[in-house]
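The first residue in the sequence is number 1, and the count goes up from there.
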Amino acid sequence: DPGNWEMLVKVLDGCENYGGFLFIGAATTNVEYTLTITDTDTGETWQEFNPLGTPSRALVRWLPACP
């Protein structure tokens, strides 16, 4: 049902050891969506698109910026 979808998101702080953040996301739906990730320090954005009918897949992105 397009009105009932869920997105699981986890952001791990790896600044001290790795110099960045790890973004992990997964949708529990096959509804079309666009997820926008914004680095609030630099303003840089990334988008992940999932077309209608595509089952959940993991989204992993390394964000190499630390405050």
Side-chain angles (χ1 to χ4, degrees):
D1 177 359
N4 184 26
W5 62 278
E6 294 182 10
M7 182 76 182
L8 308 171
V9 173
K10 185 172 191 171
V11 178
L12 300 174
D13 181 349
C15 284
E16 185 175 326
N17 296 317
Y18 304 105
F21 293 89
L22 181 62
F23 172 89
I24 304 167
T28 58
T29 184
N30 64 355
V31 174
E32 180 176 302
Y33 65 87
T34 301
L35 175 67
T36 302
I37 305 162
T38 303
D39 182 325
T40 57
D41 284 334
T42 67
E44 187 174 359
T45 61
W46 299 272
Q47 287 193 329
E48 299 287 348
F49 174 73
N50 189 68
L52 181 63
T54 303
S56 351
R57 58 185 176 87
L59 306 172
V60 178
R61 183 169 295 268
W62 179 251
L63 305 171
C66 291

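- For Leu52 against Val31, the heavy-atom pair with the smallest separation is CD1-CA, 4.2 Å.
- Going from atom CG of Leu63 over to atom CG of Asp13 covers 11.0 Å, rounded to the nearest 0.5 Å.
- Interatomic distance, CD of Gln47 versus CD1 of Ile37, reported as 9.5 Å (0.5 Å rounding).
- One hydrophobic cluster holds both Leu22 and Tyr18 under the rule that ILVMFWY side chains link at heavy-atom gaps under 4.5 Å.
- A heavy-atom distance below 4.5 Å is found between the side chains of Leu59 and Met7.
- A 4.5 Å side-chain heavy-atom check between Thr36 and Trp46 finds every atom pair outside the cut-off.
- Nearest approach of Ser56 to Thr28, heavy atoms of both residues: OG-CA, 3.8 Å.
- The hydrophobic clustering, which links ILVMFWY residues whose side-chain heavy atoms are closer than 4.5 Å, places Val9 and Val60 apart.
- Taking every heavy atom of both residues into account, Pro64 and Trp62 meet most closely at CD-O, 3.3 Å.
- Counting only heavy atoms from C-beta outward, the side chains of Leu35 and Phe23 approach each other to under 4.5 Å.
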